[in-house]
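Bear in mind that the values here come from a model prediction, so they are computed numbers and not experimental data. Values below: every heavy atom of this structure, side chains too, minus hydrogens, waters and symmetry copies. In the text below, chain A, chain B and the rest are named by the order of the sequence lines, each starting its count at 1.
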There are 2 protein chains.
Amino acid sequence: MVQYLDLPLDLSFAALSDATRRGIIERLGRGAASITSLADQFQMTLTGMKKHIQVLERAGLVVTWKVGRVRTCTLGNRGLSAEAAWIETHRKLFEARFDALDDIISEMKQEGGDDSAR
Amino acid sequence: MVQYLDLPLDLSFAALSDATRRGIIERLGRGAASITSLADQFQMTLTGMKKHIQVLERAGLVVTWKVGRVRTCTLGNRGLSAEAAWIETHRKLFEARFDALDDIISEMKQEGGDDSAR
DNA sequence: TAAATACTGAACCATTTGGTTCAGTGTATG
DNA sequence: CATACACTGAACCAAATGGTTCAGTATTTA
């Protein structure tokens, strides 16, 4: 059985599920920024913004470094390729789902669910 | 300023952030299934699986209907197009981020963050 | 009609999340 | 050297998550 344990995808999809964090990515796409300036732009405390940055960093979407007292944030080099790959692969399943209408009937006839469950 | 409020994306990325739910999508890509059979396959209580299905349904990724006492689940017709679009759009920003290295230096020279924050 | 099946809903639980405040620490700057 | 600035960390909070159990309801089936 396939091991449905894909921590990196867990982390990055979770990171992308917050509109503020998607906004941060969009913002960093236009150039680097400090945590303070991001906190200003997104009307949030510095501590709150730092937490968002940490989530994005753990997901590998953002990279930061500190010079003096300023921590600068940019988009990470890992990018969104793994996420794009998962989505593209499974998009095909959605498109092909009408071909599976026969399966619905056959599964319903089996009255115990499907055989891959046994 | 752009309104960073995109509830549909919030819901679907959150739905995709769980490995079990990604597994359910993969499974439904191979044909419809009842909640009970999914609960069996993913070694979970029926109630637990029902919750996952509800999350996927609210995100528009799964559609269900009940015939008799059996609720059948399939992939939704909305698909993953909105998610794919967001990812593809922002993937370019990641790829272009090296072009922004000059910005980093200029922003650091501004010593107050960046001007779009003012 | 009695028993089994498939789901539904409520309640509970521990953990995580998204935010805050407050109290530091280290770095520039006047 | 004193003050301001940028961040860090701890503590707290309400709400959401991902699971469970237990007690129904509705539908088949023997």
Output the rounded distance in Å from [atom1] ([X]) to [atom2] ([N]).
X	N	atom1	atom2	result
B/Q54	C/dG9	CD	C1'	10 Å
A/Q43	C/dG18	CD	C1'	16 Å
B/D40	C/dA6	CG	C1'	12 Å

Between [options], which one does the side chain of [X] approach most closely?
X	options	value
B/K51	D/dT8, C/dG19, D/dG19	D/dG19
A/T20	C/dG19, C/dA11, C/dG18	C/dG19
B/M44	C/dT20, D/dT8, D/dG19	D/dG19
A/H52	D/dG19, C/dG18, C/dA6	C/dG18
A/R69	D/dA6, C/dT20, C/dG19	D/dA6

Under-3.5 Å donor-acceptor pair between B/T47 side chain and C/dG9 base: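 Checked by distance alone, the answer is yes.
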ILVMFWY cluster, A/L80 and A/V55 together (side-chain gap under 4.5 Å):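 No; A/V55 is not reachable from A/L80 via cluster members.
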Using a cut-off of strictly less than 4.0 Å, decide whether A/K50 has a side-chain nitrogen or oxygen near OP1 or OP2 of D/dG9.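 Checking A/K50 against D/dG9: at least one side-chain N or O falls below 4.0 Å of OP1 or OP2.
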Taking for each residue the nucleotide of DNA chain D bearing the nearest heavy atom, is the 5' side occupied by B/G48 or by B/R58?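 The residue mapped nearer the 5' terminus is B/R58.
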Cationic N near anionic O, under 4.0 Å, [X] to [Y]:
X	Y	value
A/E83	A/R78	yes
B/R21	B/E26	no
A/K92	A/E95	no

Given DNA chain C, 5'-ward residue of the pair B/L46 and A/M49, judged by closest heavy atom: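 Nearer the 5' end of the strand: B/L46.
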